There are 4 protein chains.
Amino acid sequence: MLMRAKTFTESGRRAQIVKAAIEVIAEVGFAKASFTRIAKHAGLSSTGMISYHFAGKDDLLAACVAEIEEVTGAFMGPRIDAAEGHVAQLRAYVESNVALVGEHPAAVRALIDIVKNGAAQSAAVNGRLALVEEHFRAGQAAGVFGPFDARTAALALMTGLDAVVATAAAAPPDPTELARLGRELAGLYVRATAPDPEGDPA
Amino acid sequence: MLMRAKTFTESGRRAQIVKAAIEVIAEVGFAKASFTRIAKHAGLSSTGMISYHFAGKDDLLAACVAEIEEVTGAFMGPRIDAAEGHVAQLRAYVESNVALVGEHPAAVRALIDIVKNGAAQSAAVNGRLALVEEHFRAGQAAGVFGPFDARTAALALMTGLDAVVATAAAAPPDPTELARLGRELAGLYVRATAPDPEGDPA
Amino acid sequence: MLMRAKTFTESGRRAQIVKAAIEVIAEVGFAKASFTRIAKHAGLSSTGMISYHFAGKDDLLAACVAEIEEVTGAFMGPRIDAAEGHVAQLRAYVESNVALVGEHPAAVRALIDIVKNGAAQSAAVNGRLALVEEHFRAGQAAGVFGPFDARTAALALMTGLDAVVATAAAAPPDPTELARLGRELAGLYVRATAPDPEGDPA
Amino acid sequence: MLMRAKTFTESGRRAQIVKAAIEVIAEVGFAKASFTRIAKHAGLSSTGMISYHFAGKDDLLAACVAEIEEVTGAFMGPRIDAAEGHVAQLRAYVESNVALVGEHPAAVRALIDIVKNGAAQSAAVNGRLALVEEHFRAGQAAGVFGPFDARTAALALMTGLDAVVATAAAAPPDPTELARLGRELAGLYVRATAPDPEGDPA
DNA sequence: CATGAATGAGTCTTCATTCAT
DNA sequence: TATGAATGAAGACTCATTCAT
């Protein structure tokens with residue numbers, strides 16, 4: 001207990017509360033995730049406890065997002081990095097995101113619910129979109145993606161991905177089915193972003 | 001509850017309240033759309049009025065969804081019907097949905113907010129998905145769509161469409177830009193659902 | 001109950017709550033006059049009731065001040081008007097204010113407590129000071145008051161008056177003693193504001 | 001509670017906390033001076049520290065009052081003692097109290113705020129009143145003060161003095177203006193307490 | 001001596017719903 | 001039909017105090 005790095009989510013209680021909050025959000029949705037419910041889920045006797053450890057609801061939310069992204073990044077990052085080329089990485093992104101459902105269903109559901117409600121305007125959420133958008137632009141420059149509007153595509157495809165993932169997370173299927181779902185969606189997205197085939201020879 | 005004389009949106013008062021509710025939801029979001037706020041917006045002196053005309057919040061919500069879909073259908077329906085072929089209809093669907101933002105921004109924003117919050121799991125929402133899914137299957141049978149998973153594609157693409165529309169509705173651009181956005185997104189989706197090009201000539 | 005003028009403090013419930021609030025403030029002080037306590041004192045089952053009738057604590061407070069000033073004005077006004085000359089009016093002001101304790105002890109205590117805590121920055125409080133200050137200036141112009149700093153004197157004397165009144169209100173003495181107290185204080189103030197006696201004959 | 005080794009303000013830590021408390025009370029007012037705020041202002045990591053050193057909020061408050069009175073006494077005492085005669089001492093009391101604002105504005109504001117809220121009914125406050133009352137009686141016996149009610153005058157005048165001082169302390173003016181204010185108020189009080197001039201020669 | 005996490009009652013406010021009129 | 005006052009639970013948040021370490 002002593003000589004602990006005391007990182008961001010640390011202090012034991014904070015971590016416990018964050019964990020409970022994520023699970024509650026995943027269960028009942030962000031809108032109904034009250035301090036009371038979270039405290040009860042965490043086995044705390046009062047909501048004062050939460051207010052003691054977090055500056056407010058926004059603060060708790062931010063901590064949840066940070067925690068989820070850490071977990072998410074740890075899972076998806078290596079898988080994406082292992083892929084070579086913009087197309088393969090897009091595929092890896094989609095597939096690993098879907099696969100994540102099998103590992104951390106609560107985290108996935110919670111994050112999506114938070115994002116949906118626009119509760120976390122932080123760099124976190126916008127960052128993801130910007131990253132994908134940039135990835136699209138880079139791929140377009142490299143000639144492996146078509147000349148679509150990168151920003152619009154990023155928004156549409158990532159949100160669609162979220163929806164599929166959220167649906168899957170609601171009742172996590174077995175890994176095999178999950179993998180199929182990932183490949184399926186990745187294929188859809190790869191086709192959507194591919195260069196127009198007919199344009200070349202003509 | 002018994003002897004509902006009028007039609008669907010019936011009674012004038014109901015219509016007035018529904019209209020106010022839609023505008024309030026579009027303005028402040030579903031989560032903050034309380035009876036009090038809606039009553040004030042509608043020029044009613046108390047919330048009792050609302051409770052009197054609607055069985056509960058869910059009922060009001062359902063009425064809003066119904067109203068929005070009527071408006072939506074009236075706008076998109078003819079445009080979709082005018083298109084020939086599954087691909088052209090998909091394109092018409094996407095483009096007219098985006099164009100709708102220019103006509104009924106409040107309705108569009110409200111509906112998406114309601115859907116996001118999962119408040120209306122009713123036939124309404126699922127119905128749209130089922131319809132699109134069926135459209136995909138039909139197109140696949142006709143050979144104009146590829147062999148993708150129709151259900152997953154419907155979910156991903158429609159949700160992505162919602163996100164783009166919601167973003168646009170937040171600050172409605174001029175019709176020209178809106179049209180471009182529609183074509184852009186439609187192109188993305190047409191490509192995503194197209195048959196695999198390499199397989200054909202060989 | 002019908003065809004009632006519906007003035008400011010009206011609606012029955014509002015008046016009831018204001019009355020309770022004044023009594024509670026008089027009893028336990030402004031700082032401890034919570035909605036809970038006021039509701040209990042008023043025989044209401046919940047604090048929501050208060051929030052329903054008043055926009056917030058400030059609103060309730062303003063209503064209390066308005067009510068108190070109406071009562072106060074009705075008592076003091078005629079007595080002050082009946083006096084002739086600036087000095088006599090000052091005396092009437094002080095004496096009637098002290099006498100008021102015998103009539104509305106709760107109102108007096110509550111108002112002073114509210115003023116002390118600076119909770120009501122409204123015209124109400126500042127208005128009184130400004131009025132007295134103006135009265136002093138007019139008397140000075142008429143030659144019946146000395147050349148003191150009108151603003152400072154108004155502040156010091158009125159606050160001193162409040163303190164005496166508050167003390168008396170804490171345990172209202174009989175009218176005779178109250179009258180003596182009023183005359184006593186009035187004498188003090190009349191002397192304080194009198195022209196310098198030595199300057200005259202010389 | 002037993003065997004308090006040090007003196008009154010003892011222990012360094014106590015002094016530090018008292019200093020912080022006084023500043024906080026002067027800044028945000030007594031009502032909002034929570035342990036949390038005081039601890040933060042004092043650079044302490046938790047409020048437990050305060051509870052450890054003081055039996056309760058009342059205890060801390062008493063310590064603040066004591067500290068302020070020590071400071072106040074050190075400033076006003078010599079100035080009052082330097083004056084000769086009851087009238088001159090009254091004048092010295094008022095003037096030095098007003099002048100104190102220029103030296104210790106925080107202490108002055110804090111004390112007045114504490115007194116206003118009646119938080120310290122302790123010997124401290126009543127003591128001051130009793131002292132002044134006694135001074136009046138002595139002066140009356142010596143024939144330099146008029147035959148007014150000593151208790152009432154002490155209450156009214158001292159409270160008025162507090163109000164003037166508090167107002168000045170809110171935005172401390174330059175020493176010159178402060179001195180003028182002191183003389184002004186002292187003159188008012190000297191007149192108020194003077195023997196009736198008309199009665200003598202006639 | 002000192003810490004700081006924990007407590008639980010307390011703050012005001014908002015909410016959807018009910019009910020007598 | 002319509003009204004609007006009443007309800008009471010729930011909302012986030014603050015507070016002074018306690019206690020094991």
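Reminder, nothing fancy here: chain letters follow the sequence lines and each chain counts from 1. These figures come from a predicted structure and were not determined experimentally.
- The distance between atom CZ of D/Arg37 and atom C1' of F/dT14, rounded to the nearest whole Å, is 10 Å.
- As a whole-Å value, the separation of B/Arg14 CZ from F/dT1 P is 12 Å.
- Residues D/Phe35 and B/Met49 both approach DNA chain F. Their nearest nucleotides, taken by heavy-atom distance, put B/Met49 toward the 5′ side.
- The separation between B/Leu60 atom CG and E/dC15 atom C1' is 14 Å, rounded to whole Å.
- With contacts defined as side-chain heavy-atom distances shorter than 4.5 Å, the pair D/Ile25/D/Leu61 qualifies.
- If you measure from atom NZ of D/Lys32 to atom P of F/dT14, you get 11 Å, rounded to the nearest angstrom.
- Distances shorter than 4.0 Å separate none of the side-chain N or O atoms of D/Thr36 from OP1 or OP2 on F/dA16.
- In the set E/dA5, F/dT17, F/dC13, the nucleotide with an atom closest to the side chain of A/Arg13 is E/dA5.
- The distance from atom NZ of A/Lys40 to atom P of F/dG11 is 9 Å, rounded to the nearest whole Å.
- Between the CD1 atom in A/Ile17 and the CG atom in A/Leu44 there is a gap of 5.5 Å [rounded to 0.5 Å].
- Here F/dT17 sits opposite E/dA6 as a Watson-Crick or G-U wobble pair (both hydrogen-bonding atom distances under 3.5 Å).
- Look at NZ on A/Lys57: it is 15 Å from P on F/dA10, rounded to the nearest Å.
- The NZ atom of B/Lys40 sits 12.0 Å away from the OG atom of B/Ser46 when rounded to the nearest 0.5 Å.
- Computed from coordinates, the A/Ile50 CD1 to E/dG8 P distance equals 14 Å when rounded to whole Å.
- Comparing B/Gly48 and D/Ser46 along DNA chain E, the residue whose closest nucleotide (by nearest heavy atom) sits nearer the 5' end is D/Ser46.
- Which of F/dA12, E/dA5, F/dA5 sits closest to the side chain of A/His53 comes down to E/dA5.
- For F/dC15, the OP1/OP2 oxygens have a side-chain nitrogen or oxygen of D/Ser34 closer than 4.0 Å.
- Residue C/Ser51 places its side chain closer to E/dT13 than to any other of F/dA5, E/dC12, E/dT13.
- At least one side-chain heavy atom of A/Met49 sits under 4.5 Å from a side-chain heavy atom of A/Arg13.
- Spacing between atom OH of A/Tyr52 and atom P of E/dG10 amounts to 22 Å, rounded to whole angstrom units.
- Taking the nucleotide of DNA chain F with the nearest heavy atom to each of B/Leu44 and C/Thr47, the more 5' of the two is matched to B/Leu44.
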Query raised in the report: Can you check side-chain contact (heavy atoms from CB on, under 4.5 Å) on D/Lys19 and D/Glu67, steps first, answer last?
Result: CA-CA 8 Å; D/Lys19 183 167 174 290; D/Glu67 167 66 15; over 6 Å; no
